[in-house]
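Report on one structure; see the data block that follows.
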Amino acid sequence: MDGRLIYLMGPSGSGKDSLIEAARAPLQAINCEVVRRVITRSAESLGEDAIGVSREEFARRKEEGDFALCWHANGLDYGIPVVIDQWLKEGRDVLINGSRGHLAQALRRYPALMPILLTVKEDVLRERLLRRGRESRVEIEARLRRNELFTAEASVGETPIHRLDNSGELSATVANLLKLLQVSATPDQT
Ligand SMILES: Nc1ncnc2c1ncn2[C@@H]1O[C@H](COP(=O)(O)OP(=O)(O)O)[C@@H](O)[C@H]1O
Ligand SMILES: O=P(O)(O)OC[C@H]1O[C@H](OP(=O)(O)OP(=O)(O)O)[C@H](O)[C@@H]1O
């Protein structure tokens, strides 16, 4: 049986990168791979375990079919390496850091994907972005405005969107993520 594609998404600053880092070892322990994204962001400002490339290099890789999924957001290009298809075929779960804006297209290629929306209380979000200090004030405002584009849908078509709150301790969010993955992996016994 193919593995599951777990599509983690959420507003900028909600804690996707932090969660992925903190959950890396426990995810590995349950046979869930975390893929490194390819991003047109300089190495110094990557801020996550991603591969930074130039726009030209990104376009070349895209042209050569290196990406299973790719999108453009916040002035950057993001690519998910096609190796995930191999992992899924081998029955391994794969977690990716996805985009809310790209969810519908991602579902077209992976109809069985599991969307997880990381949420955080409004007031905490701005504070976290400012504290992270990776973007300028202008870029932070643009990211906050981008949130208005996304409504809090409970599902996309037939696919439910699982919500995971990260307003509290990161360790609690890690535990809840693992619980969610275990619960949804268990066949319905009823
Ligand atoms: N549960 C948490 N409690 C406190 N700070 C957090 C928590 N999760 C993330 N952060 C902090 O919030 C900021 C944004 O987190 P980050 O993982 O970069 O978010 P994203 O990848 O979603 O943009 C970082 O400075 C990070 O250290
Ligand atoms: O459609 P959206 O849900 O708004 O997502 C747009 C992009 O922003 C995030 O990336 P990135 O890690 O570069 O941004 P962040 O760290 O500021 O969240 C996310 O992973 C997407 O690649």
Inset, instruction - Mind checking the NZ-CZ spacing from Lys121 to Arg128? Nearest 0.5 Å is all I need. - result: 9.5 Å
Inset, instruction - Would you check, one step at a time, whether the test side chain to side chain contact (heavy atoms under 4.5 Å, CB included) holds for Ser99 with Tyr7? - result: CA-CA 8 Å; Ser99 149; Tyr7 189 93; 4.2 Å; yes
Inset, instruction - Go through the steps for Asp85 and Arg109 under the test side chain to side chain contact (heavy atoms under 4.5 Å, CB included), then give the verdict. - result: CA-CA 11 Å; Asp85 287 348; Arg109 177 159 173 157; 2.7 Å; yes
Legend entry - Flag if over 12 foreign heavy atoms under 6.0 Å of CD, Gln105: yes
Inset, instruction - Would you mind reporting whether Ser12 and Arg132 have side-chain heavy atoms less than 4.5 Å apart? - result: yes
Legend entry - Closest contact, heavy atoms only, Ile51 versus Arg61: CG2-NH1, 4.4 Å
Legend entry - pair Met114-Leu181: side-chain heavy atoms closer than 4.5 Å: yes
Inset, instruction - Give a yes or no on whether the backbone of Asn97 and the side-chain of Arg37 come within a donor-acceptor separation of less than 3.5 Å. - result: yes
Inset, instruction - For the residue pair Leu103 and Leu113, establish whether any side-chain heavy-atom pair is separated by less than 4.5 Å. - result: yes
Inset, instruction - Work out which heavy atom in Cys70 is nearest to a heavy atom in Gly79; give both atom names and the distance. - result: CB-CA, 4.0 Å
Legend entry - From CG (Asn166) to CG (Leu118), nearest 0.5 Å: 5.0 Å
Legend entry - Main-chain N/O of Ser155 paired to Thr159 side chain as donor or acceptor, under 3.5 Å: no
Legend entry - Ile84 and Tyr110, any side-chain heavy atoms less than 4.5 Å apart: yes
Legend entry - Separation of Asp2 CG from Arg92 CZ (nearest 0.5 Å): 12.5 Å
Legend entry - Side-chain touch Phe58/His72, heavy atoms, less than 4.5 angstrom: no
Inset, instruction - Please name the pair of heavy atoms, one in Leu88 and one in Leu5, separated by the smallest distance, quoted to 0.1 Å. - result: CD2-N, 3.9 Å
Inset, instruction - Mind listing the closest non-hydrogen atom pair of Gly101 and Phe150 along with its distance? - result: N-CE2, 3.3 Å
Inset, instruction - May I ask you to decide if Ser136's main-chain N or O and Glu139's side chain share a donor-acceptor pair within less than 3.5 Å? - result: yes
Legend entry - Inter-residue atom distance Asp165.CG - Ser167.OG, 0.5 Å rounding: 3.5 Å
Inset, instruction - Kindly compute the distance separating NZ (Lys16) from CG (Leu117), expressed to the nearest 0.5 Å. - result: 9.5 Å
Legend entry - Shortest non-hydrogen separation from Pro11 to Ser14 and the atoms involved: O-OG, 2.6 Å
Legend entry - Glu57 and Thr40: CA distance, side-chain angles, deciding distance, side chain to side chain contact (heavy atoms under 4.5 Å, CB included) verdict: CA-CA 9 Å; Glu57 173 66 12; Thr40 54; over 6 Å; no
Legend entry - Any side-chain heavy-atom pair of Leu177 and Leu164 under 4.5 Å: yes
Inset, instruction - In plain terms, say whether Glu64 and Arg60 are close enough for a salt bridge, that is, a side-chain N and a carboxylate O under 4.0 Å apart. - result: yes
Inset, instruction - Taking atom CZ of Arg36 as the centre, report whether more than 12 heavy atoms of other residues, nucleotides or ligands fall under 6.0 Å from it. - result: yes
Legend entry - Beyond-backbone contact of Glu141 with Arg126, side-chain heavy atoms, under 4.5 angstrom: yes
Legend entry - Leu130 CG to Ile140 CD1 distance, which is reported to the nearest 0.5 Å: 4.5 Å
Inset, instruction - For residues Ala22 and Val174, report the shortest heavy-atom separation together with the two atoms involved. - result: CB-CG2, 3.6 Å
Legend entry - From Met9, Arg163, His162, residue fulfilling side-chain contact (heavy atoms from CB on, under 4.5 Å) relative to Ile116: His162
Legend entry - Close side-chain approach of Trp71 and Ile80, heavy atoms under 4.5 Å: yes
Legend entry - Carboxylate-amine/guanidinium proximity below 4.0 Å for Glu21 and Arg24: yes
